[in-house]
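Heads up, the thing below is written out as C-alpha cells.
Being a predicted model, the structure only gives us computed values, none of them experimental. In what follows, chains are A, B, ... by sequence order, proteins preceding strands, each numbered from 1.
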Amino acid sequence: MAATLAYHHNIFWNSTTPERCFPKLVKERKSNRKFDLGSEPECSKSRFCYTTQSKCQKVYSLPPNSFLPRVLVETVESGSLEDALNLFEKMNHLDTYIWNVMIRGYTDRGLFREAINLYHRMGYDGIRGDNFTYPFVIKACGELFALIEGEKIHAKLHKIGLDKDVYICNSLIIMYAKLWHIDSALRVFAEMPSKDLVSWNSMISSYSFVKEHLSSLKCFREMLQVGIRPDRFSMISALNACSLGLYASTGKELYCIALRLGFELDVMIQTSLIDMYGKCGKLDYAERVFDRIPIRNVVAWNAMINSYALNAQPVKAFGSLKIMLQADNLTVDNVTLINLLPSCTQLGAVLQGKSIHGYTIRKGFLPHPVLETALLNMYGEFGILKLAEVTFNHMMEKNLVTWNAMIAVYVQNGWNCKALKLFEELLSEHLRPDTVTVASILPAYANLASLREGRQIHGYIMKLQYLSNTVVSNSIIYMYASCGDLEAARKIFDRMTCKDIVSWNTIIMAYAIHGMGRISIELFSQMERDGFQPNDSTFVSLLSSCSNSGLVNEGWEYYKLMKLNYGMEPKIEHYGCMLDLIGRTGKLDQATSFIEEMPLLPTARIWGSLLNASRKKGDIELAEFAAQHIFSTENDNTGCYVVLSNMYAEVGRWEKVKETKSIMKKERSEKTLAYSITETNFGLHRFTNHDRSHIESDMIYNVLDILSRKMGEKKCIHNTKFKPSDFARKSANSPQNHSVRLAVCFGLISTTIGNPVLVRKNTRICEDCHIGIKKISETTRREIIVGDSKVFHHFGDGHCSCGDYW
DNA sequence: CTAGGGTTAG
C-alpha cells in the first residue's frame, strides 16, 4: 500500500499542476518531500514555511546545558505539575526558559488560570517574556475567554516589539476568534509583515469558528491566489466551512483542489468530505467518497453513519454498523453510539435505543455528557419522559446543551409547567441561557398563554440581546399570537431584519389563529414579492387561515395553486385544512367524498374535522360514523364522546346521552373541566361554569345581570337548542353563567377602557356564549378577544371575526 | 520549549 501511495504522490509532484499553481513552493518541497497521509500521527506536526521569515532565521533562547532545567522539563512532561513547581521554586528564576517550561506545562494541562498567574509572577520578578512565552499565555487567555487580559497582553507585545512574531500573531488570531472578536483577529492577520501557512489556516478556521463560513472560504481562495499551497488542515477547515454553511458546490470544488494537491487518499480529508456531503444532503456523493477510502477507521464510519441519520436512512446506518463491526473488525466509540441514536428514533426502535443505553453502561461509556444528552433526546422523542428525566438527573456533568435538551423534551411533550420550572432552575444556576434555551422555552409560554408572563420573557430576551436571532424572534411571534396579542406579534415581525421562511409561515399562521384570512393572504403575496419560496408549512398556515376565516373560494384557489404553480403534493395536514374548509360550507357529501378521494390514509385529525362538520349540521349519523373511525385510531376519545353526547342531547335522545356517558365512565375518560382565564396586572383569574369563588363574585354577577338585561336576554331563557323537556338540566348548566361570560365580565371591570378584554378558554366556546359576547361587545363598545381551543374570536360591534363558524 | 486539524448533543 505504501508503495502505491508514494507512486501517487510522485505523479502529482512531477506533474506540472502544483508548480504552476504554487510557484513559490518548489524550493521548499524538495526538503519536505514526505507526505502526510493522516495515518501516522507524528506526521501531523510537519509544517511548510513558505514565507520570508523562515525558522532558521529566528534567534532562539536555547536551553542552557545544565542539569536542572532538563529535570524540570521531564517532571512537567511526566505530568506532576506540583513536583515541577516545587523544583521550579528552588531554581534560579533569572532564566526565561524555565518560566516557559512551567507556563507551557499549565497550558498543556488545561490549567489556564495558573498559566496566566505564573506569567504575572514572572513580570513581578522582573523577567521579560519572550517569543516562546506568549503563545502559551495567549492561548490561555483565549480558553478562559479573558478578553481584557488578552488585549492587555496584546498591547504589551506592541510595546516590547514582539507583535510581529509569526507564532505570537498566529496565537492572537485564534485567541480573538475564540473570543468572537473576528475583527481583531483579522486586524492581526492583515498587519502581519509575513504570514505563514499556519497564519492562513488560523484565519480560515477562525472565520469558521464564528460561523462566517463565506469569509472563511474567501480567505481560502485568497490564500490560493497569493500562491500558498494549502495543506490538509487548510483543506479540512475550508471543507468544514462548506459543511456548516451548506455550500455543497464549493465543497465539490474543494474536492477537485484536494485531488490536484494529492490529498486523494487522505482519510481525514475524506472524512471531512463525507461529513460535508452528508450535511448538504448529498448522500450519494458521501457514499462515493466513503467507498474510496483505502483503510476505513472509526471516525470515517462515524461520519458515514451520521450522514445516514441526517438523510433519514436509519436502516443503512445500522447496516453500516454491522459492516464496521464484522468486516472491518472495528469497535464502536462514543461518537458511533451518539450517531446511532437518531436512527433508533427514526425507526421507532425503542428496544434498540434502550439496548444502546444498556451497552453504554456495561462498557463504561458513561458518564459522558454528549452521549447522555443524546440518550435524553432519544427518550424525549419516544415520549418516555420518565427515562429522559432519569438520564438527566443522573448526569454528573451538565452543560447548557443538556439543559436545553431537557427543556425542549418537556415542551415537545406538552409538559409546559415542568419546562418552566426547569428553566427557572437553570437561571438559578450559574448558567446563562443562550438563544437555543430561549427558543426552546418560548413555546411553553405560548402554550400556557399568559400574556403577562409572555411579555416578561420578551423583556428578558431583549435584555439578553437575542432579539436579532431569527429563530428566537420567530418563537416570540408565535408566543404573542398564541397569547392573544396579535399586534405585538406583528410588531416583532415587522422589525425583524433577517426574516426566514419560518418567520413568514409564523406570521401567516398568527393571522390564521386570529381568523384574519385576508391579512394572511396579503402577507403570502408580500412574501412572494420578497422572493421567498413557500414550503409545506406555508400552505398549512395559508389554508387554515382561509378555513378559519371562511374564505372558501380563496382556500380552494391556493390548494390548486400549491399543486400547479409550486408542484407540491398536498400532505395530510393540507387535506385536514381543506376538510375544515369544506365543513364550513356545510356540504357534508363533498366532505365525505373528499376523504374517499384522498390518496392518503385518513388520520384521527381528518375524522375529527368531519365530526365537527357534522356537529355543526346536526347530522348525527355522519357524526357517529366519524366517531367510530376516531375510536379505532386514537386513545383519547374524550372530546369525541362529549360532542356526540351534546348532539344527542340537542335532539333529545336521552337514552343515547346516557349510553355515551356510561361508556365514558367505563373507559375512565373524564370530561375535561371547562374554564376561562383572564389576566390583570396582578395575575390570572380562572373561572369555571357558575363559579362563585372569585373575590369579586358579587360584582361580576351584577355586571352580568345588567348586561343580560340590556341585551334583552331574560334570565334562564336563552337561545339554546336544548329541548324544553330538559329544562332541569338546562337550568343547571345555563350558558348564561358559563365561564367565558364570567371571565369577560371580570375583564370588563378590571381593565381600562380602550384596551381589549382578553379571555382564554380551554374548550370551544358554545353557541349561546358566542351570541352573548357579540351582544356584550356591542353594548359595551369594547373589543373582546376570546381564544378558545381552536381560534381567537375578535368580538366588536356585535360581530365576530370568525364569521360565526368555528 | 511555541501556533492550527477530521466525526459528536440543541
Side-chain angles (χ1 to χ4, degrees), chain A residues 36 38 41 44-45 47 55 58 60-63 69-70 72-73 76-77 96-105 107-108 130-139 142 165-175 177 196-206 208-209 231-237 239-240 243 266-276 278 297-307 309 333-342 368-378 380 399-409 434-437 439-440 471:
Chain A
D36 184 1
S44 63
K45 292 254 171 182
R47 297 195 189 99
K55 238 178 162 180
K58 255 187 186 169
Y60 288 117
S61 63
L62 286 168
R70 239 185 289 160
L72 183 70
V73 171
V76 167
E77 277 171 2
T96 310
Y97 173 68
I98 66 158
W99 289 91
N100 292 350
V101 171
M102 278 311 292
I103 293 174
R104 177 192 162 198
T107 322
D108 281 355
D130 62 9
N131 52 330
F132 292 105
T133 321
Y134 283 98
F136 301 123
V137 180
I138 292 167
K139 184 182 178 183
D165 182 273
V166 182
Y167 277 77
I168 288 178
C169 287
N170 292 349
S171 343
L172 279 172
I173 293 171
I174 296 293
M175 178 197 79
D196 68 359
L197 181 61
V198 179
S199 318
W200 285 94
N201 288 354
S202 302
M203 203 58 226
I204 295 168
S205 62
S206 290
S208 252
F209 184 83
D231 67 353
R232 55 210 305 257
F233 298 137
S234 335
M235 294 304 311
I236 288 164
S237 296
L239 282 170
N240 194 248
S243 141
D266 184 312
V267 190
M268 278 198 192
I269 291 179
Q270 283 169 317
T271 307
S272 274
L273 269 165
I274 293 167
D275 175 58
M276 189 269 298
N297 59 22
V298 193
V299 183
W301 276 109
N302 289 348
M304 203 57 233
I305 291 174
N306 188 43
S307 296
D333 67 359
N334 290 321
V335 181
T336 321
L337 297 168
I338 292 164
N339 289 346
L340 277 172
L341 290 172
H368 186 287
V370 178
L371 184 48
E372 284 164 308
T373 306
L375 285 165
L376 188 163
N377 270 319
M378 177 198 66
N399 55 30
L400 190 58
V401 179
T402 317
W403 285 85
N404 291 351
M406 194 65 226
I407 288 173
V409 163
D434 65 0
T435 52
V436 179
T437 323
S440 306
V471 182

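- An aromatic stacking contact between F132(A) and the base of dT2(B) is absent, as defined here by ring centres under 5.5 Å apart and ring planes under 30° from parallel.
- Straight-line distance from the CG atom of D196(A) to the C1' atom of dT2(B): 12 Å, rounded to whole Å.
- Donor-acceptor pairing under 3.5 Å is recorded for the side chains of S199(A) and D196(A).
- Comparing atom distances between the D275(A) side chain and each of dT7(B), dC1(B), dG10(B) picks out dT7(B) as nearest.
- When the side-chain nitrogen and oxygen atoms of N240(A) are compared with OP1 and OP2 of dT7(B), one or more of them lie within a distance under 4.0 Å.
- Nearest nucleotide to the side chain of V198(A), out of dA9(B), dG6(B), dA3(B): dA3(B).
- Residues that satisfy the salt bridge (Lys or Arg N to Asp or Glu O under 4.0 Å) test with D108(A), not counting sequence neighbours, are R104(A).
- When rounded to the nearest whole Å, the span between CG of L340(A) and C1' of dA9(B) equals 14 Å.
- Going from atom CG of L239(A) over to atom OG of S272(A) covers 5.5 Å, rounded to the nearest 0.5 Å.
- Atom CG in N170(A) sits roughly 11 Å away from atom P in dA3(B) (whole-Å rounding).
- To the nearest angstrom, C1' of dT2(B) lies 5 Å from CZ of F136(A).
- Taking the side chain of T271(A) as heavy atoms from C-beta on, and the options dT7(B), dG4(B), dA9(B), the nearest nucleotide is dT7(B).
- Closest to the side chain of V370(A), out of dT8(B), dG6(B), dG4(B), is dT8(B).
- Remark: the T96(A) side chain and the D130(A) side chain contain no N/O donor-acceptor pair separated by less than 3.5 Å.
- In this structure, I305(A) places its CD1 atom 12 Å from P of dT8(B), rounding to the nearest Å.
- The base of dG10(B) sits within donor-acceptor range of the side chain of D434(A), with an N or O pair under 3.5 Å.
- For W99(A), the ring-ring contact (aromatic ring centres under 6.0 Å, His included) partners two or more places apart in sequence, or in a different chain, are F88(A), H93(A).
- No engagement by D108(A) is indicated, since no non-hydrogen atom pair under 4.0 Å with the nucleic acid exists.
- Donor-acceptor pairing under 3.5 Å is recorded for the side chains of N399(A) and T402(A).
- The distance between atom CE of M378(A) and atom C1' of dG10(B), rounded to the nearest whole Å, is 16 Å.
- Taking the side chain of P135(A) as heavy atoms from C-beta on, and the options dT2(B), dG10(B), dT8(B), the nearest nucleotide is dT2(B).
- No N or O donor and acceptor, one from the side chain of N404(A) and one from the base of dA9(B), sit under 3.5 Å apart.
- For I103(A) and dT2(B), the CD1 to P distance is 14 Å, given to the nearest whole Å.
- As judged by a 4.0 angstrom heavy-atom cut-off over every strand, I338(A) is placed among the base-contacting residues.
- As judged by a 4.0 angstrom heavy-atom cut-off over every strand, N339(A) is placed among residues touching the sugar-phosphate backbone only.
- Here the side chain of D231(A) is nearest to one of dT7(B), dG6(B), dG4(B), namely dG4(B).
- Residue contacts shown for S205(A) are absent, as no nucleic acid heavy atom lies under 4.0 Å away.
- What separates OH of Y134(A) from P of dA3(B) is a distance of 16 Å, to the nearest Å.
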